Amino acid sequence: MTLPKDYLGAKMGMWLFLFTEILLFGGLFVLYSVTMQRYPVEFHTASQMLDVTMGTLNTVVLITSSLFAALAVIALQRGDIRRSKIFILLTILLAGVFLADKYMEWGAKIHHGIYPNSPHLTDWPEGQQAFFALYYTMTGLHGIHVVLGMGLLGWVYWLISKGKITPEQHVTLENAGLYWHLVDLIWIYLFPLFYLIT
Amino acid sequence: MSEHSTQHEGHGPGYGLFIAIWAALLVLTATTVWVAGINLGFLNVVAALAVATTKASLVIFFFMHLKYEELTLKLMVLTAFVILSIFIGMTFFDTAYR
C-alpha cells in the first residue's frame with residue numbers, strides 16, 4: 001500500500017532546500033564580516049560582553065543533540081525502532097536545553113538594557129549597536145530554526161509510532177536529521193564569530 | 001535502481017564511529033575556546049574559522065552522511081559551497097579595497 005519512495009530524489013530535494021538555508025545564513029555571515037571589518041574595536045568590546053561559558057555549553061549541547069539525531073537513523077536502519085525513538089526524544093530534549101540556555105542569555109542582556117533600539121544601546125558607538133543588532137538577528141533566526149527542528153523531529157517521532165516511517169522507509173527521518181545537522185552546522189560558525197573574536 | 005538495495009547496503013557507519021566523531025567535535029570545541037584566549041591578532045580569526053570549518057566538515061561528511069552518498073549529491077553540495085565562497089570572496093574584493 002505504501003508507494004516505493006524515490007530515495008535519492010527525496011534526499012536531493014532536502015539538500016536543495018538546505019542550500020537555500022546555507023545561502024540565507026551565508027548572506028548574514030557576509031554582512032557580519034563586512035561590518036566587523038568596519039568596526040573591529042567596537043566588535044571586540046561588544047563580544048567581550050557575551051558569556052563564553054554559556055556559549056560553549058550550548059555548543060556542546062547542540063553537538064550532542066546532533067549525535068543523537070545521527071544515532072537515531074542508524075538505530076532505525078538496524079530495525080531497532082524503540083532505540084531510534086529514544087534517540088529522537090533525546091535530540092528534542094537537548095534542543096530544549098539549548099533554547100533554555102539561549103533564553104537565559106537573551107534575558108540577562110535584555111535585563112541590562114541591551115536590546116535593539118533600547119535607550120541604553122543607542123548611546124553606544126555605532127559598531128557596538130551593529131554587533132548586537134547582528135547578534136539578535138542571527139541567533140534569533142537560528143533559534144527559530146531550533147524550534148522548527150524540534151517540531152520536525154516530533155512529527156517524525158509520531159510518524160514512526162504510526163508505522164509510517166519504518167526500517168525499510170526511513171528517508172523522512174534521515175531528512176529531518178539533515179535539517180537538524182544544518183542547525184548544528186550554522187551554530188558551529190555563529191559560536192566563534194560572536195563569542196570568541198578577540 | 002531499487003530503493004531497497006540503496007537503503008539496505010551494509011556500508012553505513014556504526015554507533016562507534018559516530019561517537020568518535022562526536023568526541024572529535026568536542027575536542028575541537030575545546031581547542032577553539034582555548035586558542036581564542038591567546039592573543040594572536042588577526043590569526044585568531046583565521047584559527048577560529050579553520051577550526052569551525054574542520055568541525056563543519058566532520059558534521060557534513062559523517063553526521064549528514066555525505067561520505068556515503070552518490071557522486072551526484074556530492075557534486076551538488078560542492079557546487080553550493082563554491083557558490084557561497086564566490087559570494088563571500090567577491091564581497092571582500094569589493095570591501096577590502098575601498
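Order of the sequence lines fixes the chain letters, A, B, ..., with proteins taken first and strands second; residue numbering starts at 1 for each chain. Note that the coordinates shown come from a computational prediction; the quantities given were computed from them, not determined experimentally.
At least one test fails for Lys109(A) against the ring of Tyr115(A): distance under 6.0 Å to the centre or angle within 45° of the axis.
Leu40(B) and Trp34(B) end up in the same hydrophobic cluster when Ile, Leu, Val, Met, Phe, Trp and Tyr side chains are linked at under 4.5 Å. Linking ILVMFWY residues whenever their side-chain heavy atoms come closer than 4.5 Å, directly or via other members, places Ile144(A) and Leu190(A) in the same cluster.
Among Tyr39(A), Phe194(A), Tyr189(A), the single residue meeting the ring pair (Phe, Tyr, Trp, His ring centres under 6.0 Å) criterion with Tyr32(A) is Phe194(A). Tested against Trp187(A), the residues His145(A), His142(A), His181(A) include a single ring pair (Phe, Tyr, Trp, His ring centres under 6.0 Å) partner, His142(A).
Note: Leu178(A) leads Leu16(A), Val52(A), Leu178(A), Leu182(A) in heavy-atom pairs under 4.5 Å with chain B. Between chain B and the residues Gly177(A), Ala69(A), Ser33(A), the largest count of heavy-atom pairs under 4.5 Å involves Ser33(A). Note on Gly14(B), Ala30(B), Ala48(B): by heavy-atom pairs under 4.5 Å with chain A, the leading option is Gly14(B). With chain B as the partner, the residue from Arg38(A), Gln37(A), Met36(A) showing the most heavy-atom pairs under 4.5 Å is Gln37(A).
Inspection of non-hydrogen atoms places no residue of residues 121-136 of chain A under 4.5 Å from chain B.
Contact of Phe29(A) with chain B is not made at all, since no heavy-atom distance falls under 4.5 Å. Within the 4.5 angstrom heavy-atom criterion, atoms from both the backbone and the side chain of Thr32(B) approach chain A. Heavy atoms closer than 4.5 Å to chain B are found in both the backbone and the side chain of Ser66(A). Looking at Ala75(A), both its backbone and its side chain come within 4.5 Å of chain B, counting heavy atoms on both sides. Residue Thr79(B): no heavy atom, backbone or side chain, is found under 4.5 Å from chain A. Contact annotation for Ile186(A): neither backbone nor side-chain heavy atoms come within less than 4.5 Å of a heavy atom of chain B. Only the side chain of Phe81(B) comes within less than 4.5 Å of a heavy atom in chain A; its backbone stays farther off. Within the 4.5 angstrom heavy-atom criterion, atoms from both the backbone and the side chain of Val60(A) approach chain B. With a threshold of 4.5 angstrom between heavy atoms, Arg78(A) approaches chain B through side-chain atoms but not through N, CA, C or O. Residue Leu17(B) does not touch chain A at all, counting heavy-atom pairs closer than 4.5 Å. For Val59(B), the part lying under 4.5 angstrom from a heavy atom of chain A is the side chain only. Contacts of Val77(B) with chain A are made by both backbone and side-chain atoms, with heavy-atom separations under 4.5 Å. For Phe25(A), no part lies under 4.5 angstrom from a heavy atom of chain B.
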Would you sort out whether Glu69(B) and His65(B) count as a side chain to side chain donor-acceptor pair (under 3.5 Å), showing the intermediate values?
CA-CA 7 Å; Glu69(B) 300 294 353; His65(B) 276 252; 5.0 Å; no
Kindly determine whether Val27(B) and Trp22(B) satisfy side-chain contact (heavy atoms from CB on, under 4.5 Å), including the steps that lead there.
CA-CA 9 Å; Val27(B) 169; Trp22(B) 169 75; over 6 Å; no
Go through it in stages, so that I can follow the logic: the residues are Leu67(A) and Phe87(A), the test is side-chain contact (heavy atoms from CB on, under 4.5 Å), and I'd like the CA-CA distance, side-chain angles, deciding distance and then a yes or no.
CA-CA 9 Å; Leu67(A) 169 73; Phe87(A) 283 139; over 6 Å; no
Test side-chain contact (heavy atoms from CB on, under 4.5 Å) on Ser85(B) and Ile88(B) and set out the steps.
CA-CA 5 Å; Ser85(B) 53; Ile88(B) 294 171; 5.6 Å; no
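Within the structure, salt bridge (Lys or Arg N to Asp or Glu O under 4.0 Å) pairs that include any residue of residues 21-33 of chain A do not occur (at least two apart or interchain).
With a 6.0 Å radius and a threshold of 12 heavy atoms from other residues, nucleotides or ligands, Met49(A) has its CE atom above the threshold.
Annotation for Asp101(A) and Met54(A): closest pair OD2-O, 3.2 Å, computed over non-hydrogen atoms.
Thr137(A) is not listed as a side-chain neighbour of Leu31(A), based on a closest heavy-atom distance of 4.5 Å or more. Taking 4.5 Å as the limit, every side-chain heavy atom of His120(A) sits out of range of all side-chain heavy atoms of His112(A).
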